[in-house]
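Let me begin by presenting the structure, written as structure tokens, before commenting on it.
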Amino acid sequence: MTYAYSKIKESRVTQSGEILFEDVSKTFESEAVSAVDGVSLQVAAGDLVVFLGPSGSGKTTLLKMVNRLYEPTSGKIWIGDEDIQSLSINDLRRQIGYVIQQVGLFPHMTVKKNISVVPRLLDWEKDQIQSRVAMLLDLTGLPDTYLERYPNQLSGGEQQRVGLARALAADPDILLMDEPFAALDAINRERLQKELLRLHCKLDKIILFVTHDVEEALLLADKIAVLRDGKLIQYDTPIDLVTKPKNAFVEELVGTNNILRRLSLVSIESIIKAKGRLLDKPITMDQAMVEIPTIHSDADLRSALSLLLSSGSDYLRVEDSFGTDQGLISMEDLREMLSSNQLIEKKKCDEISD
Ligand SMILES: Nc1ncnc2c1ncn2[C@@H]1O[C@H](COP(=O)(O)OP(=O)(O)OP(=O)(O)O)[C@@H](O)[C@H]1O
Ligand SMILES: [Mg+2]
């Protein structure tokens, strides 16, 4: 038993929604080296975990072992208290939605038929299917006039939304997503990333999300598993990954020296926490001529910087979620926070509005 394995085992909380990878390895028969090599990690209930790493690092292989498209050569995967090997493939896959880059919609079926494939297989009542499809269409931001369209009458981004709706159809506990947005243009990708965040904040499901796009990983993840040559190199929150990379590989991968990236992960709350209540600073004559913009204490430091620069003000007024004035912050505060170790990660779900 390796150290990491026993450590995870000891700290294991038997929660129904949690996923545990226990020293999981996969060696394909034709290959000399392992595609996945001794990976142990624990995914907490409701977390969105990103597998991040270069091409060939084992991300897809690790993901496919969760719904048993691949079987591990050694090690175990648990969902809650159940070793997935002990479940029938059908029972296992019923609780898992799967979204891939090449959506895989059935071309001869309408949007409605595509989304309802699994509920129909599960023999749901017609009314129940209809209301589920309508709800999912709404949830994924598609108009109901699309119900009778065929996949080739949709854009790539719209097809991807249908793919997501289909994966959510039978209300799975877990969603596996393998580079789902990789083929989209930048605008559609960003839109769908925001949609996914909104969905995740609302639905509270475990999502395992594969990407090699660092920005995407930092935006979406509660925790990021960095993989290289099949091995788990670091498993941490975005902010810890960026500020405390374990080695030069992670440092380079996540761009520890990228200041804007760092700022975008840190909440203004960090400044309040570090300083106690912010003081109202003396306002200069020049400053008195400029209106001081207000920013929310949950916003990130990158937004604060951009507001400082665009408004020409020396200060921003900080308000908390109740609209209470928290005092002023300046560029100097941002500078100080960059070298601080008291950073508070911005809350993903706070930015999401309905
Ligand atoms: N079915 C297979 N048979 C043999 N080798 C495989 C198979 N699937 C993957 N591999 C090998 O396993 C390693 C990991 O592949 P995997 O697809 O998991 O990487 P990845 O991190 O998802 O890469 P990418 O970012 O390119 O999708 C690679 O060396 C790959 O060639
Ligand atoms: Mg892959």
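One-based numbering, in listed order, for ligands and for the atoms of each.
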So, are Arg261 and Glu215 salt-bridged, with charged N and O less than 4.0 Å apart? yes
Strictly under 4.0 angstrom, heavy-atom based: which residues surround ligand 1? Phe28, Ser30, Glu31, Ala35, Pro54, Ser55, Gly56, Ser57, Gly58, Lys59, Thr60, Thr61, Tyr70, Glu179, His212
Classify the side-chain pair [X]/[Y] by whether it contains a donor and acceptor separated by less than 3.5 Å.
X      : Y      : answer
Glu216 : Gln193 : yes
Glu269 : Ser297 : no
Asp300 : Ser303 : yes

Neighbouring protein N, O or S atoms of the Mg ion (ligand 2), below 2.8 Å: 1
What do the steps show when you test Ile268 against Asp298 for side chain to side chain contact (heavy atoms under 4.5 Å, CB included), and what is the final call? CA-CA 6 Å; Ile268 290 178; Asp298 284 329; over 6 Å; no
Applying ring pair (Phe, Tyr, Trp, His ring centres under 6.0 Å) as the test, list every pair that has at least one member in residues 162-216; sequence neighbours left out. Phe181-Phe209
Looking at residues at least two apart in the chain, or sitting in another chain, which of them share a ring-ring contact (aromatic ring centres under 6.0 Å, His included) with Phe51? none
Is there a donor-acceptor pair closer than 3.5 Å between any side-chain N or O of Arg93 and the backbone N or O of Arg68? yes
Taking atom CD as the centre, does Glu336 end up with more than 12 heavy-atom neighbours from other residues, nucleotides or ligands that are less than 6.0 angstrom away?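 It does: Glu336 CD has more than 12 such atoms within range.
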